[in-house]
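Heads up, the thing below is written out as structure tokens.
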2 protein chains.
Amino acid sequence: MIDYSRFLSRAARGMQGSAIRRMGVLSTDRRDIISFAPGYPAADTFPWEDFREIAAELLSGRDGSVLQYGPTRGFRGLVDAVVDIVGARAIRATVPDIVITSGSQQGLDLVARVLIDPGDVVLVELPTYTGAITAFRNCQATLVGVRQEADGIDLDHLDDVIARERGNGKRVPFLYVVPNFQNPTGLLIGLDKRQRLLEWAARRDVLIVEDDPYGDLYFEDSASPADTRPLKADDRDGRVVYLSTFSKTLAPGYRVAWLVAPAEIATRFELAKQAADLCTGALDQRIVHEAWRRGVLAAQVPRLRAHYRDKRDAMTRALERELHALATWPQPRGGFFLWVTLPDGIDADAMVPRALDGGVIYVAGSAFYVEDGQRNTIRLAFSAADPVHIDEGIRRLARVIRDEPA
Amino acid sequence: MIDYSRFLSRAARGMQGSAIRRMGVLSTDRRDIISFAPGYPAADTFPWEDFREIAAELLSGRDGSVLQYGPTRGFRGLVDAVVDIVGARAIRATVPDIVITSGSQQGLDLVARVLIDPGDVVLVELPTYTGAITAFRNCQATLVGVRQEADGIDLDHLDDVIARERGNGKRVPFLYVVPNFQNPTGLLIGLDKRQRLLEWAARRDVLIVEDDPYGDLYFEDSASPADTRPLKADDRDGRVVYLSTFSKTLAPGYRVAWLVAPAEIATRFELAKQAADLCTGALDQRIVHEAWRRGVLAAQVPRLRAHYRDKRDAMTRALERELHALATWPQPRGGFFLWVTLPDGIDADAMVPRALDGGVIYVAGSAFYVEDGQRNTIRLAFSAADPVHIDEGIRRLARVIRDEPA
């Protein structure tokens, strides 16, 4: 047999799989397992009837472009919709700033390819989203983590880190942040801190890549639209690249998301996307566009806020009952995730097989660290399971944790 | 304003747009223009009614996975379908060899990322498909062209080129070929030459990337399934990475294609895809899968062979009538494209604005060359326009050519 390793690129030799994806596969292999691993939206919330009606009309055959190749930037109606959608988040964007992407993962990949040279340092929150880690690493970036506080990224540490890295002669093109209900911690960056972050970026002459999949999904008991105001809304000198998506508010199976960037950078994203997949799926874009145009999206979002808040409540209630003495977690004010710190000495990676045996699965926190992380942390997604299963899943998890050697 | 150039990666600074995509935009901006530029399949051939029915059933809401995140390798039912589809092309593939991609463009991008290091030499036919050129160049490959003869790539020149490049110390991971109805020339590689190409690859220890979007679309008056037998069918030692797609046989708006590769390389493609877009659109994959399962695809392909043959006939008839003294072209035996050589001294790039004024558009041949090409060549796609417009378009084109200063 051929030894293929000599044909592989350096990038390919360094590629690693996502722990979340692996957990997703594990948990779908065994139906009896309650999964808190992948951050899947709840399929029973999808507006199926609207989608069915929209698809039937679009597929009438009257408009051939519904199934044809389309512009790399995206279907023009959808680009206009994005101008409107981000406008409601106080972002003033124009058409040349926008690129429709095949999911936000593609947005992260385009960011990586357009902004990262091999060996560059990219700054990330500690912990941070694994999909960003893999996208940036595939372009051979070195990721350097910045600590988080209760109100998000630690600005002093951030400034120390960039000074150190640049002092070591490293190019640092951008900081990657998820300011709203961060994946994995669920944290919000405080409003005052957002302003100071923008000032810091200007002072240090660095870009900010702001990933905002969850901003619309705040829980009304503890957060408001004002709390989720994007950095991009106050980006007066054009330093912020903003990503968001329809995956959490409509459905991820469509793979439709978007980038907002200074037009000059957006043009590069377009060129990179042209070579990456020519264009995002035409039918997907048209369905999403119609769902926006007909008000399906607008009706959906408040329902989802209530839906996911109920699930968060089910999870925190069960955690309080089962694990209040053994675990701590910041209360999520939106989004899909709950970040749990277990007793020192518990190794969440090593615990995975025992959790599977116990009928429950999570993502070990180490997956979200770019350096040696806290081995005693786990991410629980409360988005997919229903409240009854959430309750039972936490009961199972608590049993596993109590049985761990600590 | 910020000067963004210092934030861009070296790859991004070198990115160039596709001439085909530019022509596509130009020609959709002006409705009165007859376009032979982009190789769009004919939307009026799409099985709209079947798609409508399938979509309605899939979107019933009974199966949440239809709109959920899915496995990076692709929906399992579709992977199994691909085993069957390539089996009918004499390729013995198993599930671990296959990755579903978001269009073949993504397949080319994954190939580039997994196999190319900056500075590597990739061998391509001269001329070759622009989408491959941009994907490989975005990974900073140097592309080196190999001449074609009437029965495809010139094996002597090929061997000279690889000897020269390796002699210069270059790493040459693969040769990229489109053996069936090549884009842009429409040429077929002869059967005997296919065997010799495989022997050459083994002797020179190099991989072959075989791109086969058009193989099913042979024209029965002059080609048969035997003529389109993929290299991959005879790839006994695992040197061929094979790409194909549903874009030309079902519809490109779905963005569903696939890669078949030695399992070890397929695993790398999966990792690269995970970071590139997580997974291909779930609804798209399910619709394509159902179209295969219900026999829609099998019924469609023979219809398309007749449809595109009629259009080729319309175009060659018009060319004979209008340009027989001024132009030459190899007769396409399948596919979407006709490659025309105009009189020496005609500059097809410079002629574009005059063609637009004359109400017709094509892609200038230079777009398909990786070095200075023949300025007097053009690619005409006969796939999209109907026969009446094809006839009128060639009439317009002939008028423009006759008026050119030569």
Side-chain angles (χ1 to χ4, degrees), chain A residues 2 4 7-12 15 17-18 21 25 38 40 43-44 46 48 51-52 55-56 59-61 64 66-69 71-72 102-103 105-106 109 113-117 134-135 138 173 207 237-238 251-255 262 264-265 268 271-272 274-278 281-284, chain B residues 2 4 7-12 15 17-18 21 25 38 40 43-44 46 48 51-52 55-56 59-61 64 66-69 71-72 102-103 105-106 109 113-117 134-135 138 173 207 237-238 251-255 262 264-265 268 271-272 274-278 281-284:
Chain A
I2 295 182
Y4 292 101
F7 291 113
L8 300 179
S9 64
R10 281 186 294 276
M15 283 173 188
S18 146
R21 299 245 99 199
V25 171
Y40 284 11
D44 57 346
F46 298 162
W48 293 97
F51 288 151
R52 201 161 59 241
L59 292 172
S60 70
V66 166
L67 289 178
Q68 193 54 277
Y69 293 106
T72 300
S102 304
Q105 186 65 42
Q106 181 177 59
D109 186 49
R113 299 177 79 164
V114 166
L115 299 176
I116 297 173
D117 274 325
T134 54
N138 275 10
L207 302 180
D237 50 348
Y254 293 125
R255 315 306 299 126
E264 203 180 319
I265 297 184
R268 298 291 160 163
L271 290 176
Q274 202 173 87
D277 70 357
L278 283 182
L283 179 64
D284 285 353
Chain B
I2 296 182
Y4 293 102
F7 291 112
L8 300 179
S9 65
R10 280 187 294 275
M15 283 173 187
S18 146
R21 300 245 98 198
V25 171
Y40 284 11
D44 56 346
F46 300 162
W48 293 98
F51 289 151
R52 202 162 58 241
L59 292 172
S60 70
V66 166
L67 289 178
Q68 193 54 278
Y69 292 106
T72 301
S102 304
Q105 187 65 43
Q106 181 178 58
D109 186 49
R113 298 177 79 164
V114 165
L115 298 176
I116 297 173
D117 274 325
T134 54
N138 275 9
L207 301 180
D237 51 347
Y254 294 124
R255 314 309 298 124
E264 202 180 319
I265 297 184
R268 298 291 160 164
L271 290 176
Q274 202 173 86
D277 71 355
L278 283 181
L283 179 64
D284 285 353

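Residue numbers start from 1 in every chain, and the chains themselves are labelled A, B, ... in the order their sequence lines are given, proteins ahead of strands. Remember, it's a predicted structure, so these values are computed and weren't measured experimentally.
For the pair B:Leu8/A:Val114, a side-chain contact is recorded, criterion being any heavy-atom separation below 4.5 Å from C-beta on. The shortest distance between side-chain heavy atoms of B:Gln68 and A:Pro252 falls below 4.5 Å. Side-chain contact between A:Leu278 and B:Arg255 is present, with at least one heavy-atom pair separated by less than 4.5 Å.
Without hydrogens or angle criteria, B:Arg268 side chain to A:Ala12 main chain gives a donor-acceptor distance under 3.5 Å. With hydrogens and angles disregarded, no donor-acceptor distance shorter than 3.5 Å links the side chain of B:Arg52 to the backbone of A:Ala56.
If you measure heavy-atom distances from B:Ile265 to chain A, the contacts under 4.5 Å come from the side chain alone. Only the side chain of B:Phe46 comes within less than 4.5 Å of a heavy atom of chain A; its backbone N, CA, C and O stay farther away.
With respect to chain A, the highest number of heavy-atom pairs below 4.5 Å among B:Gly64, B:Ala282, B:Ser9 belongs to B:Ser9. The choice from A:Asp44, A:Leu271, A:Leu283 that makes the most heavy-atom pairs within less than 4.5 Å of chain B is A:Leu271. When the candidates A:Leu59, A:Asp277, A:Leu207, A:Ile2 are compared by the number of heavy-atom contacts under 4.5 Å with chain B, A:Leu59 comes out ahead. Counting heavy-atom pairs under 4.5 Å between each of A:Ala272, A:Pro262, A:Ala276, A:Ala55 and chain B puts A:Ala276 at the top. When B:Ala43, B:Gly281, B:Gly61 are compared by the number of non-hydrogen pairs under 4.5 Å with chain A, B:Gly61 comes out ahead. Per-residue heavy-atom pair counts under 4.5 Å with chain B were compared for A:Ser60, A:Ser102, A:Ala11, and the maximum is reached by A:Ser60. Chosen from B:Thr134, B:Val66, B:Asp117, the residue pairing most often with chain A at heavy-atom distances under 4.5 Å is B:Asp117.
When all heavy atoms are compared, the tightest approach of A:Tyr4 to B:Asp237 is OH-O, 3.8 Å. Of all non-hydrogen atoms in A:Gln105 and B:Ala275, the two that sit nearest each other are NE2-O, 2.9 Å. When all heavy atoms are compared, the tightest approach of B:Leu67 to A:Phe51 is CD1-CD1, 3.5 Å.
The line from CG of A:Asp284 to CG of B:Asp284 is 4.5 Å long, rounded to the nearest 0.5 Å. The structure places CE of A:Met15 at 6.0 Å from CZ of B:Arg113, a figure rounded to the nearest 0.5 Å.
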